[in-house]
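Nothing here was measured: the structure is a model prediction, and the numbers come from that model. First the proteins, then the strands, lettered A, B, ... as listed; each starts at 1.
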Amino acid sequence: MSMTPLEELRHSASHIMATAILRLFPEAKLDIGPPTDTGFYYDIDLDHKLTAEDLVKIEAEMKKVADENQPFLRKEVSREEAVEIIKSRGQERYKLGRLADIPEGEKISFYQNGEFMDLCAGTHVRYSSKLKAFKLLSIAGAYHRGDEKNKQLQRIYGTAFPTKDELAAYLEQQEQAKARDHRKLGRDLKLFVIDEDVGQGLILWTPNGSIVRQELQNFISGELHKQGYSQVFTPHIGKLELYKTSGHFPYYKESQFTPVVENVSLAQILSEGCSCAEMVVRLEAVSAHLASQINARTGKETITPDRVKPDAQLLDGFMLKPMNCPHHIKIFASQPHSYRDLPVRLAEFGTVYRWEQSGELNGMTRVRGFTQDDAHLFCTEEQVAAELIGCLALVKIVLTTLGMSDYRVRVGLRDPDSNKYTGDSANWDKAEAACRAAAQTLGVPFTEEPGEAAFYGPKIDFVIKDVIGREWQLGTVQVDYNLPVRFDLSYIGADNQPHRPVMIHRAPFGSMERFCGVLIEHFAGDFPAWLAPEQVRLVPISEKQLDYGRDLLTQLKAAGVRAILDEHNDKLGAKIRRAELEKIPYTLVLGGKEAEARSVSVRSRARGDEGVQPFVQYLEKLRSEIATRALPEVKRA
RNA sequence: GCCCAGAUAGCUCAGUUGGCAGAGCACGUCCUUGGUAAGGACGAGGUCGCCGGUUCAAAUCCGGUUCUGGGCUCCA
């Protein structure tokens, strides 16, 4: 295994950190300490809870180790010798397990620097003095081997660079990333709020944010119309039965909100003194009961009922919908379909609710209630390929229009070693081939990732990075052979026989919340004119021009432009500054000369002062910029 | 859910050993009537996240809780 010079440096930094930690805390038990994309970490087991002050001490000790200019020495040993070394150093708690991970026949090596010696494949820098620019960043809990059943260890994160300048540049870049974090911009630009009393992970779209979202929805709705979609509306809840049929309940109940139980049933179980736990059991009993019915109907063991209770103990209720598909399926199934009707494309901005773990919530990008720009396509097998290409084209239009070019495409396939997938493998082969072929039409590189498929079919995901480098799945297109079976969907073919349709799930934005969060960071709050909550700020030089300003405001509003007249009693510079900070695309300065000539002095946020021009001429250009959803053309230096 | 760290005015933050709650920006009124990123004066604004405890006295110490941040786990 070879490392890049930077990885080598960071990996060595983690060894040096371990050296320092053992000097300060000789009882520490080490697990692993690899380099990462942005630095390094080491997982250690230590009863003492590390604090920020400890980090300072460890960092100081690391500096000493670096200054001691210790050589890194490689030593290859037999497995038996390795066990001896580990034991002699009192590090058997985790290191023996790590040793056991090394396959028979592979070389076993240790690296030694000074008094420290660690099981390690390498490679390393030659001397510890190479470590000139490093910084310890944070302490975090991390489960041994990433399994939450295992003990949680203390992980120390740090970073290292070849030079101090590069380290400083990295830290500076991290600071700048914070400035475009959607959580900060969302507050500063008044785009959304999350209120503790409403609930964590639940987004309140304020007027400004709602404009951005509404514009995006209008945009996608226009595209849907062109591509032959029908828009539908469905409620936010559905009976448990529905989700049992779809397979969402109870198999994903840990990531759903607790079911809503009807008043009468609730009163009854309360009068019986039924505990919460019993209630869950009885709700599940409904599921098991229904599962047995479905198994009988489809003749397949699509669901294995783990418990079937007598009808008397059944309890019914409703669930906040975790997905829109069951509702759309019921619309499709509400009437017979001929092959001539297909594809049927049902679209909805459908709000769904999922019980994400509290520690996973994050601004707009990981929430508990969100609106998917969802659609379900019901088509024949022959139509799958063409429909997939249509879906991908839609995602491409969205990304191109918004100037988002920094994304990767992931084709999620079955994990060959897993049996969690439903449906027969011939269908899977076809669906995977269709996804692969469709992805190839995108003209961008994509990766095929086994194990990333949904349980009902393969998918094509668009993954984009946020400013801190975290990746988020946005647009997704998924092929589904499973739900049509569960809901026993059919259409009448040319042969006058019923056939099973194939479903495609797709959401070009993914969710409005996550997409807007990433979009805020993508534009750093500088939205193109068509998305900007306020498109034009009218700035009179003095109150003598207020009447002219009101006149233009009326005309702008009549033209459908979102404009505000700044009536504050401030000097021009202050008003301009305010408009800049609020990231308004256009500021129109109105002085005596402009009022006289019915002109405006245009200041573009992207390009600066653009000089005076007749108001009607400016309005025409602006309307065109908005109508074409143009991206701001940044002035070239 | 787990580990660590936080929560003071709308925002960003200060607040010493426990002893009357602070600043800048934003906001309001007035003065100023201006030419492309901050003119001036005055004013209003806080149950120091919430609940409990210790104390003559708690923003400050202790316990609990809610929420936030960084990770881990998870993401149909």
Separation of B/G71 C1' from A/F40 CZ (nearest whole Å): 15 Å

Partner set under salt bridge (charged side-chain N to carboxylate O under 4.0 Å, His left out) for A/R550, not counting sequence neighbours: A/D547, A/E567

Sugar-phosphate, base or nothing in reach of A/E610, heavy atoms under 4.0 Å: nothing

Phosphate OP1/OP2 of B/A76: any A/S255 side-chain N/O under 4.0 Å: no

Protein-nucleotides 3-6 of chain B N/O pairs closer than 3.5 Å?
residue	atom	partner	partner atom	Å
B/C3	O4'	A/Q152	OE1	2.4
B/C3	O2	A/G141	N	3.1

Of the listed nucleotides B/C74, B/A37, B/G39, the one nearest the side chain of A/R366: B/C74

Sugar-phosphate, base or nothing in reach of A/L137, heavy atoms under 4.0 Å: nothing

Aromatic plane relationship, A/F257 with A/Y353 - under 30° parallel, 30 to 60° tilted, over 60° perpendicular: perpendicular

Selected nucleotide, minimal atom distance to A/E594 side chain, candidates B/C75, B/G35, B/U68: B/G35

Rounded distance in Å between the P positions of B/G24 and B/G40: 12 Å

All side chain to side chain contact (heavy atoms under 4.5 Å, CB included) counterparts of A/V409, not counting sequence neighbours: A/Y407, A/L442, A/V444, A/F446, A/I460, A/F462

B/U68 versus B/C50 - spacing of their C1' atoms, nearest Å: 15 Å

Charged N-O contact under 4.0 Å between A/R155 and A/D31: no

Side-chain (A/D566) to main-chain (A/V539) donor-acceptor, under 3.5 angstrom: no

Atom-to-atom span, CZ of A/R578 to C1' of B/C11 - whole angstrom: 15 Å

Identified ring pair (Phe, Tyr, Trp, His ring centres under 6.0 Å) counterpart of A/H505 within the set A/Y456, A/F378, A/Y481: A/Y456

Sugar-phosphate only, base, or nothing, as touched by A/Y456 at under 4.0 Å among non-hydrogen atoms: sugar-phosphate

Residue met sooner reading RNA chain B from 5', once A/L572 and A/G199 are mapped to nucleotides: A/L572

Between P of B/C75 and CD of A/E449, the distance in whole Å: 15 Å

Distance in angstrom units between A/L590 CG and B/G34 C1', rounded: 13 Å

Rounded distance in Å - NZ (A/K575) to C1' (B/A38): 14 Å

Nucleotide B/C75, atom P - distance to CD of A/E452 in whole Å: 10 Å

Note: A/K459-A/E452 ion pair, threshold 4.0 Å (strictly below): no

Helical stems, RNA chain B - three or more consecutive Watson-Crick or G-U wobble pairs below 3.5 Å: B:1-7 with B:66-72, B:10-13 with B:22-25, B:27-31 with B:39-43, B:49-53 with B:61-65

Residues forming a side-chain hydrogen bond (donor to acceptor under 3.5 Å, both in side chains) with A/E59, sequence neighbours excluded: none

Out of B/G35, B/C72, B/A76, whichever nucleotide has its closest atom nearest the side chain of A/V589: B/G35

Sugar-phosphate only, base, or nothing, as touched by A/H568 at under 4.0 Å among non-hydrogen atoms: sugar-phosphate

Those residues of residues 532-543 of chain A lying under 4.0 Å from RNA chain B by at least one heavy atom: A/I541, A/S542, A/E543

Sugar-phosphate only, base, or nothing, as touched by A/R183 at under 4.0 Å among non-hydrogen atoms: sugar-phosphate

Results of side chain to side chain contact (heavy atoms under 4.5 Å, CB included) for A/Q152 - residues two or more places apart only: A/Y143

Among A/R93, A/K29, A/H144, A/Q154, the one residue meeting side-chain hydrogen bond (donor to acceptor under 3.5 Å, both in side chains) with A/D45: A/R93

Report all interatomic pairs (protein N or O, nucleotide N or O of nucleotides 42-52 of chain B) with separations under 3.5 Å.
none

Sugar-phosphate, base or nothing in reach of A/G591, heavy atoms under 4.0 Å: base

Plane angle bin for A/Y243 and A/H327 - parallel if under 30°, tilted between 30 and 60°, otherwise perpendicular: tilted

Separation of atom CZ in A/R506 from atom C1' in B/A76, rounded to whole Å: 18 Å

Under-4.0 Å side-chain N/O to phosphate OP1/OP2 contact, A/Q200 with B/U68: yes

Side chain to side chain contact (heavy atoms under 4.5 Å, CB included) partners for A/L185, two or more places apart: A/R180, A/L189, A/I520, A/K583

Sugar-phosphate, base or nothing in reach of A/G359, heavy atoms under 4.0 Å: base

Integer angstrom distance from the P of B/G69 to that of B/C13: 14 Å

Below 4.0 Å: OP1/OP2 of B/C74 and any side-chain N or O of A/R354: no

Touch class at under 4.0 angstrom, heavy-atom based, for A/R603 against every strand present: base

Along RNA chain B (nearest heavy atom to each residue), the more 5'-positioned of A/V602 and A/R187: A/R187

Proximity to the side chain of A/K593 - top-ranked nucleotide from B/C72, B/G35, B/A37: B/G35

Any residue meeting side-chain hydrogen bond (donor to acceptor under 3.5 Å, both in side chains) with A/Q613, in chain and number order, not counting sequence neighbours: A/K621

A/Q357, nearest nucleotide to its side chain (from B/C72, B/C74, B/U33): B/C74

A/Y143 side chain, from C-beta outward: closest of B/A37, B/C2, B/U68: B/C2

Closest nucleotide among B/A37, B/G1, B/A76 to the A/L581 side chain: B/A37

Sugar-phosphate, base or nothing in reach of A/E582, heavy atoms under 4.0 Å: nothing

Nearest-angstrom distance from the residue atom CD of A/Q478 to C1' of B/A76: 9 Å

Qualifying residue for side-chain hydrogen bond (donor to acceptor under 3.5 Å, both in side chains) with A/Q176, from A/Q173, A/E172, A/K178: A/E172

Residues in side-chain hydrogen bond (donor to acceptor under 3.5 Å, both in side chains) contact with A/Q535, at least two apart in sequence or another chain: none

Pairwise ring pair (Phe, Tyr, Trp, His ring centres under 6.0 Å) hits with a residue in residues 179-205 of chain A, at least two apart: none

A/Q478 side chain reached by A/R506 side chain, heavy atoms, under 4.5 Å: no

Sugar-phosphate only, base, or nothing, as touched by A/N362 at under 4.0 Å among non-hydrogen atoms: sugar-phosphate

